[in-house]
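Take a look at the structure below.
Only heavy atoms go into these numbers, but all of them, side chains included; no hydrogens, no water, no symmetry mates.
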Amino acid sequence: MHAYSTDSNERVNIPFYLAAASILSAWILPKFLNWIGLSVPWWFDAPAVMGFYGIYYKLFDTLFWKWLAKVGIIQTPNLNGLWKGHFLSSYDGHTTQKVATIEIKQTWTKMCIVFRNGTSRSKSMTSSIITTNAEGIVISYEYQNEPNYDTVSTMQIHRGFTRLTLSTNKKELDGEYYTGRGRLSYGTMRFTKT
């Protein structure tokens, strides 16, 4: 998985809240230990703030943000899962709907988008989520595509770019793609979360 960018202010605000919770937890820890009758050396208590911050950050990055996104507190959408759909390509004049899937693995700070169809597989190299677009939430990513071993010889490894808009019900991705040198095609895509 790779890091992804977003225009949401939560990347600035959340670490502050996690730091405040870590300081509070480090302040409560020795009081709690004394209350249950345990005495700890100074070197156990001194790094407690950073220890709590590391734990809280990891838990937030992998779990808590999903719950907060579900109830609308976090703007970054949870895109994890398998999305099934189709695409149309300029390669054949946009005449045939081709079946495809997108699998998204995501934490609050990292993401990987894997596109598969009958002839190739592509994987995101960079990505971003724009939460303040008038059209809705926009996911864009650069990818590298690798054709299957039995694909036509005209299809070679190439790079491309995809821009998808998330529907208001957060169940559909709709957008466009284009490819770079070696393929030079473009088209539309539509996916529904399974």
Side-chain angles (χ1 to χ4, degrees), residues 1-19 53-87 89 98-117 119-148 157-180 183 185-194:
M1 292 191 357
H2 54 77
Y4 65 93
S5 63
T6 181
D7 63 345
S8 171
N9 289 334
E10 60 198 34
R11 293 279 176 98
V12 174
N13 299 334
I14 296 299
F16 172 77
Y17 297 133
L18 294 176
Y53 185 83
I55 291 167
Y56 292 161
Y57 190 90
K58 184 68 173 174
L59 288 172
F60 187 86
D61 188 45
T62 56
L63 295 174
F64 295 153
W65 77 275
K66 293 178 187 177
W67 301 332
L68 296 173
K70 197 171 194 175
V71 296
I73 295 173
I74 294 291
Q75 292 176 320
T76 303
N78 179 3
L79 302 169
N80 278 293
L82 184 66
W83 301 72
K84 292 184 178 181
H86 66 272
F87 70 102
S89 174
K98 297 169 187 66
V99 175
T101 62
I102 290 180
E103 183 179 2
I104 301 176
K105 294 180 182 175
Q106 179 191 10
T107 68
W108 186 59
T109 57
K110 294 186 183 280
M111 173 184 286
C112 180
I113 304 169
V114 178
F115 169 89
R116 290 183 177 90
N117 65 15
T119 60
S120 67
R121 172 185 179 270
S122 64
K123 185 177 177 183
S124 62
M125 299 164 55
T126 64
S127 58
S128 68
I129 298 177
I130 307 299
T131 61
T132 57
N133 190 300
E135 300 171 29
I137 294 174
V138 175
I139 299 92
S140 57
Y141 64 97
E142 179 189 0
Y143 63 84
Q144 180 171 310
N145 182 280
E146 297 180 8
N148 296 345
I157 293 176
H158 59 275
R159 292 184 184 212
F161 184 82
T162 300
R163 183 180 189 273
L164 301 167
T165 303
L166 184 65
S167 63
T168 53
N169 67 3
K170 298 189 173 156
K171 298 288 183 190
E172 294 177 357
L173 290 170
D174 186 29
E176 302 172 336
Y177 78 93
Y178 64 87
T179 63
R183 189 68 176 154
S185 63
Y186 59 92
T188 58
M189 312 171 96
R190 176 166 286 181
F191 298 92
T192 303
K193 192 166 189 178
T194 58

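Ion pairing between a basic and an acidic side chain is recognised when a charged N comes within 4.0 Å of a carboxylate O; E142 and R159 show such pairing. For the pair K193 and E172, the salt-bridge criterion is not met [side-chain N within less than 4.0 Å of a carboxylate O]. A salt bridge links E135 with R163: the closest approach of a Lys/Arg side-chain nitrogen to an acidic carboxylate oxygen falls below 4.0 angstrom.
Inter-residue side-chain proximity for Q144 and K123 is flagged as unmet; no heavy-atom pair is nearer than 4.5 Å. The shortest side-chain heavy-atom distance between M111 and K105 does not fall under the 4.5 Å cut-off. Side chains of Y177 and S185 form a contact here, defined as non-hydrogen atoms less than 4.5 Å apart. Contact check for V114 versus R121: side-chain heavy atoms found under the 4.5 Å cut-off. Between D174 and T188 there is no side-chain heavy-atom pair separated by less than 4.5 Å. Under the 4.5 Å side-chain criterion, counting only non-hydrogen atoms from C-beta, S140 is not in contact with L164. In this structure, W108 and Y57 have side chains that are in contact, with non-hydrogen atoms separated by less than 4.5 Å. Considering only heavy atoms from C-beta on, S120 stays 4.5 Å or farther from E146 through its side chain.
When all heavy atoms of Q75 and I137 are compared, the closest pair comes out as O-CD1, 4.2 Å. For the pair F87 and V99, the tightest heavy-atom approach, listed with the atom from each and the gap, is CE2-O, 4.4 Å. Closest approach of W65 and P77 over heavy atoms only: CZ3-O, 3.6 Å.
Interatomic distance, NE2 of H2 versus OG of S127, reported as 4.0 Å (0.5 Å rounding). Of the inter-residue distances, the one linking E176 atom CD with M189 atom CE reads 11.0 Å to the nearest 0.5 angstrom. Atoms CD1 and CZ, on I14 and F16 in that order, are 11.5 Å from each other to the nearest 0.5 Å. Atom-to-atom distance recorded for S122:OG and N117:CG is 8.0 Å, nearest 0.5 angstrom. Rounding to the nearest 0.5 angstrom, the gap separating the CD1 atom in I104 from the CG atom in L79 is 5.0 Å. Note that CG of D7 is 4.5 Å distant from CD1 of I130, once rounded to the nearest 0.5 Å.
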Any chance you could lay out the side chain to side chain contact (heavy atoms under 4.5 Å, CB included) test for W83 and T194, step after step, and finish with the verdict?
CA-CA 6 Å; W83 301 72; T194 58; over 6 Å; no
| task | Please step through side chain to side chain contact (heavy atoms under 4.5 Å, CB included) for the pair T6 and T132, ending with a clear verdict. | result | CA-CA 10 Å; T6 181; T132 57; over 6 Å; no
Hey, mind stepping through E103 and I113 against side chain to side chain contact (heavy atoms under 4.5 Å, CB included) and telling me if it holds? CA-CA 6 Å; E103 183 179 2; I113 304 169; over 6 Å; no
Between T101 and R116, is the side chain to side chain contact (heavy atoms under 4.5 Å, CB included) condition met? List the steps. CA-CA 5 Å; T101 62; R116 290 183 177 90; 3.7 Å; yes
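Panel note: side chain T107, backbone K110; a donor-acceptor pair is recorded below 3.5 Å. Within the 3.5 Å criterion, the main-chain N or O of I157 finds no donor-acceptor partner in the side chain of N145.
Screening R11, Q106, E10 for a side chain to side chain donor-acceptor pair (under 3.5 Å) involving T76 leaves a single residue, E10. Residue V138 forms a side-chain contact (heavy atoms from CB on, under 4.5 Å) with just one option from T165, T131, I129, and that option is T165.
Y143 and T126 are not linked by any side-chain donor-acceptor pair at a separation below 3.5 angstrom, with hydrogens and angles left out of the test.
Between F161 and Y178, the ring planes are tilted. Angles from 30° to 60° get that label.
Within 6.0 Å of NZ on K170 lie no more than 12 heavy atoms contributed by other residues, nucleotides or ligands.
In summary, the aromatic rings of Y4 and Y141 are positioned with their centroids too far apart to meet the 6.0 Å limit.
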